[in-house]
There are 2 protein chains.
Amino acid sequence: MLTIGYLAKMTGTKVQTIRYYEQVGLMPEPGRTDGGQRRYGDAELDRLSFIRHARQLGFSLDAIRELLDLSDHPARSCEEADAIARRQLKQVEQRMARLDLLRLELERMIEECSGGRAADCRVLEVLRDHSECLTDHESIGT
Amino acid sequence: MLTIGYLAKMTGTKVQTIRYYEQVGLMPEPGRTDGGQRRYGDAELDRLSFIRHARQLGFSLDAIRELLDLSDHPARSCEEADAIARRQLKQVEQRMARLDLLRLELERMIEECSGGRAADCRVLEVLRDHSECLTDHESIGT
DNA sequence: GCTTGAAGCTACAGCAGCTGTAGGTCGTAT
DNA sequence: ATACGACCTACAGCTGCTGTAGCTTCAAGC
């Protein structure tokens, strides 16, 4: 029987985060000792590892919920998992494309910085004058 | 005299967001009509454009506060603005490097997907088995 | 059996950076 | 005078945790 602290240590998760996952339904309600402390089995450790790995790959908790659901029903088609992963990949690619634009503009800004007074600073000037910029009106996706 | 709605439209910002910026001290408290509605001048429109552009470049509100402060004091050195921009650039580069790792792993996962039953799904399997993965234990920086 | 200290418990507030809602008021065109 | 869109305040909610306060439980050592 594993304590919450052991699961935390094994997966690099904070204890509170595990309780949070339970609260939002990603982790099951585990058994308890007479004193009310959570005790887990190996299945829960695996499940938590799965969740953490997926989080590291940038999957949202909702996406992970779907993936866990698929994982719990091995007879079902793999297509859905594939679709979720492809969606995630597309998002990653979009973020990278946006970041690349930002990188270019930041580099341009910095390169042109005269190092003089703020009045002549290209960094500030570029920010002030939107017209010479590459980016559109969308907010940056994190 | 410009209404809050006009500023919103001109800068692609939600009205509530402008009020939020005022609340957190990025935008000044503007004058009001007798009825209590906000009225702005051109300076505020410029300031808001500056903020939005910086947000699009991924600057945090705190960084923008610093940049605005520099912009308000044109006689000061440009070095600080340059440092802030360089910091931002470094963050962007780090995010891109991480995203690139994620992209590779996602591509690998998807490529190996058999298209069969979930039981054989590589996507799920890779998530289950952390040992074959490229990423470390840090959480993905957004 | 008793003590101690680490680890666990609940409940709740807070982070960034907004966004949405409810329930009301203002401004202006007709 | 009225209608209606734009505005107002106040507050809750989003994602995904993280931190705190104040308490209880567990396990090891004596």
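All values derive from a computational prediction rather than experimental measurement. Here is how names work: the chains are called A, B, and so on, in the same order as the sequence lines, proteins then strands, and each is numbered from 1.
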Identify every side-chain donor-acceptor pair in residues 26-36 of chain A under 3.5 Å, counting partners at least two apart or on other chains, and give the distances.
unit_1  : atom_1 : unit_2  : atom_2 : d
A:Arg32 : NH1    : A:Gly36 : O      : 2.8
A:Thr33 : OG1    : A:Gly35 : N      : 3.3
A:Thr33 : OG1    : A:Gly36 : N      : 3.3
A:Thr33 : OG1    : A:Gln37 : N      : 3.0

Residues that [X] engages under side-chain contact (heavy atoms from CB on, under 4.5 Å), provided they are two or more places apart:
X: A:Ala81; result: A:Leu67, A:Leu70, B:Cys121, B:Val123, B:Leu124
X: A:Thr3; result: A:Tyr6, A:Arg39
X: A:Asp100; result: A:Arg103, B:Met96

Residue [X], side-chain atoms from C-beta onward, closest of [options]:
X: A:Ile4; options: C:dG8, C:dC18, C:dT21; answer: C:dG8
X: B:Ser60; options: D:dC7, C:dG17, C:dG8; answer: C:dG17
X: A:Thr3; options: C:dG8, C:dT10, D:dC17; answer: C:dG8
X: A:Lys14; options: C:dG8, D:dT18, C:dC18; answer: D:dT18
X: B:Arg19; options: D:dC8, D:dC17, D:dC7; answer: D:dC8

In whole Å, I'd like the distance from the [atom1] atom of [X] to the [atom2] atom of [N].
X: B:Met27; N: C:dC18; atom1: CE; atom2: C1'; answer: 16 Å
X: A:Arg32; N: C:dC9; atom1: CZ; atom2: P; answer: 6 Å
X: B:Ile64; N: C:dA16; atom1: CD1; atom2: P; answer: 13 Å
X: B:Gln16; N: D:dT9; atom1: CD; atom2: P; answer: 12 Å
X: A:Glu22; N: C:dA11; atom1: CD; atom2: P; answer: 12 Å
X: A:Leu26; N: D:dC17; atom1: CG; atom2: C1'; answer: 12 Å
X: B:Lys9; N: D:dG5; atom1: NZ; atom2: C1'; answer: 11 Å
X: A:Ile18; N: D:dG16; atom1: CD1; atom2: C1'; answer: 15 Å

Listed by chain and number, what are the salt bridge (charged side-chain N to carboxylate O under 4.0 Å, His left out) partners of [X], not counting sequence neighbours?
X: A:Asp46; answer: none
X: B:Asp42; answer: none
X: A:Asp62; answer: A:Arg65
X: B:Glu66; answer: none

Expected output is a numbered-order residue list: members of residues 83-91 of chain B with a heavy atom under 4.0 Å from any atom of DNA chain D. What is it? none
Does [N] have its OP1 or OP2 closer than 4.0 Å to a side-chain nitrogen or oxygen of [X]?
X: A:Arg52; N: D:dC17; value: yes
X: A:Arg55; N: D:dT15; value: no
X: A:Tyr21; N: D:dC17; value: yes
X: B:Thr17; N: C:dT19; value: yes

Once you apply a heavy-atom cut-off of 4.0 Å, does A:Phe59 come out as touching a base, just sugar-phosphate, or nothing? nothing
Could you write out each protein N or O paired with an N or O of nucleotides 1-5 of chain C at a distance under 3.5 Å?
none

Does the B:Glu44 side chain pair with the main chain of B:Gly41, one donor and one acceptor, at a distance under 3.5 Å? yes
State whether the side chain of B:Thr17 and the backbone N or O of B:Thr13 hold a donor-acceptor pair below 3.5 Å, judged by distance alone. no
Once rounded to the nearest 0.5 Å, what's the spacing between atom CG of A:Leu68 and atom CZ of A:Phe50? 5.0 Å
I need the B:Ile84 CD1 to B:Leu89 CG distance, nearest 0.5 Å. 14.0 Å
Which side chain to side chain donor-acceptor pair (under 3.5 Å) pairs, counting each pair once, include a residue from residues 83-93 of chain B, with sequence neighbours left out? B:Asp82-B:Arg86
Per-nucleotide protein contact along nucleotides 22-30 of chain C, 5' to 3', at a 4.0 Å heavy-atom cut-off (B base, S sugar-phosphate only, - neither), is ----SS---
Note: for B:Gly5 and B:Gln23 on DNA chain D, the residue whose nearest nucleotide lies more 5' is B:Gly5
